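Only one structure is covered here, and it is reproduced in the block below.
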Amino acid sequence: MFSLKELEQSTELVHQHILPTPQYNWPQLCQETGCDVWVKHENHTPTTAFKVRGGIALLNHLNSQAQKPQGIISATVGNHGQSLAYAGQKVAMPVTIVVPEGNNEDQNRAIKGFGANLVIFGQDFEAARQHSLQLQREYGYQAIAPFERELVLGVASYALEFFSAVQDLDTVYVPVGMGSGICGLIKTRDLLGLKTKIVGVVSEGAPTFALSFAAGRVIPTDGVNTIADGVATRSPIQAAFDIIKAGAERIVKVSDDEIASAMYQYYQKTHNLAEPAAATPLAALIKEKPQMKGKKVGLILTGGNIDFARMVKYASPFCLNM
């Protein structure tokens, strides 16, 4: 998909716009999991999520073309839209983002705050996506899919930072939504010649990647039912699945209760907000605690975009039980 030189150049480009994010070893998480745990804090980017890296790489690539697009358009329920809006503002390229009705208002405000044109349409993501394709034809903009080479190349910069900063990681747990994050980790691991195992994490209510990984072929699902919007995928993109099938160790499913508990663990033990999808790696590690005891483990905290009301709703039952 890309070379080490291309990854290094992309990482330098990303660092022209955002600082490298930290990775911390939190003692209470180590005690909770029985592991030497290192958290990669992608919730510390300007959009509070890892996807901004991909947006920077992609928009700079498009802006450098002789026939650069008049603008770009994409559908999202959150972090992908913020990423494109942030990057579009940096290169002065018009961005239109389509979100479904009832989308997180915090996300909507952030997308508009970064200068994008926000369009609200449809009852769910698929309706918003179809509307974005209609608008793409009307506007003459370029449609952006959630999994593209430059997106993965940009996102992989966090993997290069992490593997360079923390040596000899046995395993890294990462959420699997549309696949850019885990694919960036796998490709970076392979380019560096490391033996670190990459474990993808999904919600029990959105199991398509777990089902597909077990079967060795793409198995779509009819719907999703999870608090974790960032991993609410109905069907894998084939290109992403091929990389995951070849390079991941396993895919772990976690329940909404396990996700909510991990969100609370992050807040209680590190004072970091983790959106539901971002908490899935910690939930998976706790679930696999017996087999992972004593190992050096990385967790990708992919984002912190959750509104206060939902955070209280999901985490309060665990707070009351502590």
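Since this is a predicted model, take the numbers as computed values, not measurements. Counting begins at 1 with the first residue of the sequence.
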When rounded to the nearest 0.5 angstrom, what distance separates OG in Ser157 from CG in Leu13? 9.0 Å
Excluding sequence neighbours, so at least two apart, what forms ring-ring contact (aromatic ring centres under 6.0 Å, His included) with Tyr139? Tyr141
Determine whether Ile111 and Phe114 fall in the same hydrophobic cluster, where Ile, Leu, Val, Met, Phe, Trp and Tyr are linked whenever their side-chain heavy atoms lie under 4.5 Å apart. no
Are the charged groups of Glu32 and Lys289 less than 4.0 angstrom apart, N to O? no
Under the side chain to side chain donor-acceptor pair (under 3.5 Å) test against Glu275, which residue among Thr280, Asn43, Asn104, Asn79 passes? Asn79
Salt bridge or not between Lys293 and Glu288? Use side-chain N to carboxylate O under 4.0 Å. no
Taking the six-membered ring for Trp, are Phe50 and Tyr158 parallel (under 30°), tilted (30 to 60°) or perpendicular (over 60°)? perpendicular
So, using ring-ring contact (aromatic ring centres under 6.0 Å, His included) as the criterion, who are the partners of Phe121 when residues are at least two apart? His131
Would you indicate whether Arg109, at its atom CZ, is surrounded by more than 12 heavy atoms from other residues, nucleotides or ligands within a distance under 6.0 Å? yes
Any link between Leu169 and Ile186 through a network of hydrophobic side chains (Ile, Leu, Val, Met, Phe, Trp, Tyr) touching at under 4.5 Å? yes
Heavy-atom donor-acceptor pair, Ser74 side chain to Ile144 backbone, under 3.5 Å: yes
CG/Leu285 to CD/Gln265 distance, rounded to the nearest 0.5 angstrom? 11.0 Å
Main-chain N/O of Tyr267 paired to Thr270 side chain as donor or acceptor, under 3.5 Å: no
Do Gln136 and Gln142 have side-chain N/O donor and acceptor atoms under 3.5 Å apart? no
Can you find a heavy atom in the side chain of Leu29 that is under 4.5 Å from one in the side chain of Tyr266? yes
Say whether, by atom type as modelled, one donor and one acceptor occur between the side chain of Gln130 and the main chain of Ala127 under 3.5 angstrom. no
Is there a side chain to side chain donor-acceptor pair (under 3.5 Å) between Asp242 and Gln238 once you walk through the steps? CA-CA 6 Å; Asp242 289 343; Gln238 186 67 52; 2.8 Å; yes
With Gln23, which of Ile300, Val39, Val166 fulfils side-chain contact (heavy atoms from CB on, under 4.5 Å)? Val166
Between atom CG of Leu58 and atom CG of Asn63, what is the distance when rounded to the nearest 0.5 Å? 11.0 Å
Quick one: CG on Leu191 to CG on Leu4, what's the gap to the nearest 0.5 Å? 5.5 Å
Closer than 4.0 angstrom, basic N to acidic O: yes or no for Arg149 and Glu6? yes
One should read off an interatomic distance between Arg217 CZ and Leu211 CG, to the nearest 0.5 angstrom, of 10.0 Å
Hey, mind stepping through Glu42 and Thr21 against side chain to side chain donor-acceptor pair (under 3.5 Å) and telling me if it holds? CA-CA 6 Å; Glu42 290 300 282; Thr21 58; 2.4 Å; yes
Between Ser261 and Asp257, is there a donor-acceptor pair closer than 3.5 Å when you use the side chain of the first and the backbone of the second? no
Taking the side chain from Asp256 and the backbone from Thr226, do they hold a donor-acceptor pair closer than 3.5 Å? no
Distance, nearest 0.5 Å, that separates CD of Gln82 from OG1 of Thr48: 6.5 Å
Determine whether a donor-acceptor pair (N or O, by modelled atom type, separation under 3.5 Å) exists between the side chain of Asn305 and the backbone of Thr47. yes
Lys295 and Thr171: side-chain donor and acceptor closer than 3.5 Å? no
Any salt bridge between Asp222 and Arg234, counting N to O under 4.0 Å? no
Any link between Leu135 and Leu84 through a network of hydrophobic side chains (Ile, Leu, Val, Met, Phe, Trp, Tyr) touching at under 4.5 Å? no
Asp229 and Arg310 ion-paired at < 4.0 Å: yes
Within a radius of less than 6.0 Å around CD of Gln70, do more than 12 heavy atoms belonging to other residues, nucleotides or ligands occur? no
State which residues pass ring-ring contact (aromatic ring centres under 6.0 Å, His included) with Phe2; sequence neighbours excluded, sorted by chain then number. none
Taking a hydrophobic cluster as the set of Ile, Leu, Val, Met, Phe, Trp and Tyr residues connected by side-chain heavy atoms closer than 4.5 Å, whether directly or through intermediates, do Ile198 and Trp38 fall within one such cluster? yes
Where do Ala75 and Arg129 come nearest, in terms of heavy atoms and distance? CB-CA, 3.5 Å
Run the salt-bridge test on Asp190 and Lys187 with the 4.0 Å N-O cut-off and return the result as yes or no. no
Are Met178 and Leu153 connected into the same hydrophobic cluster when the rule is that any two of I, L, V, M, F, W, Y join if their side-chain heavy atoms are below 4.5 Å apart? yes
Hey, mind stepping through Ile251 and Ile244 against side chain to side chain contact (heavy atoms under 4.5 Å, CB included) and telling me if it holds? CA-CA 9 Å; Ile251 305 291; Ile244 294 167; 4.1 Å; yes
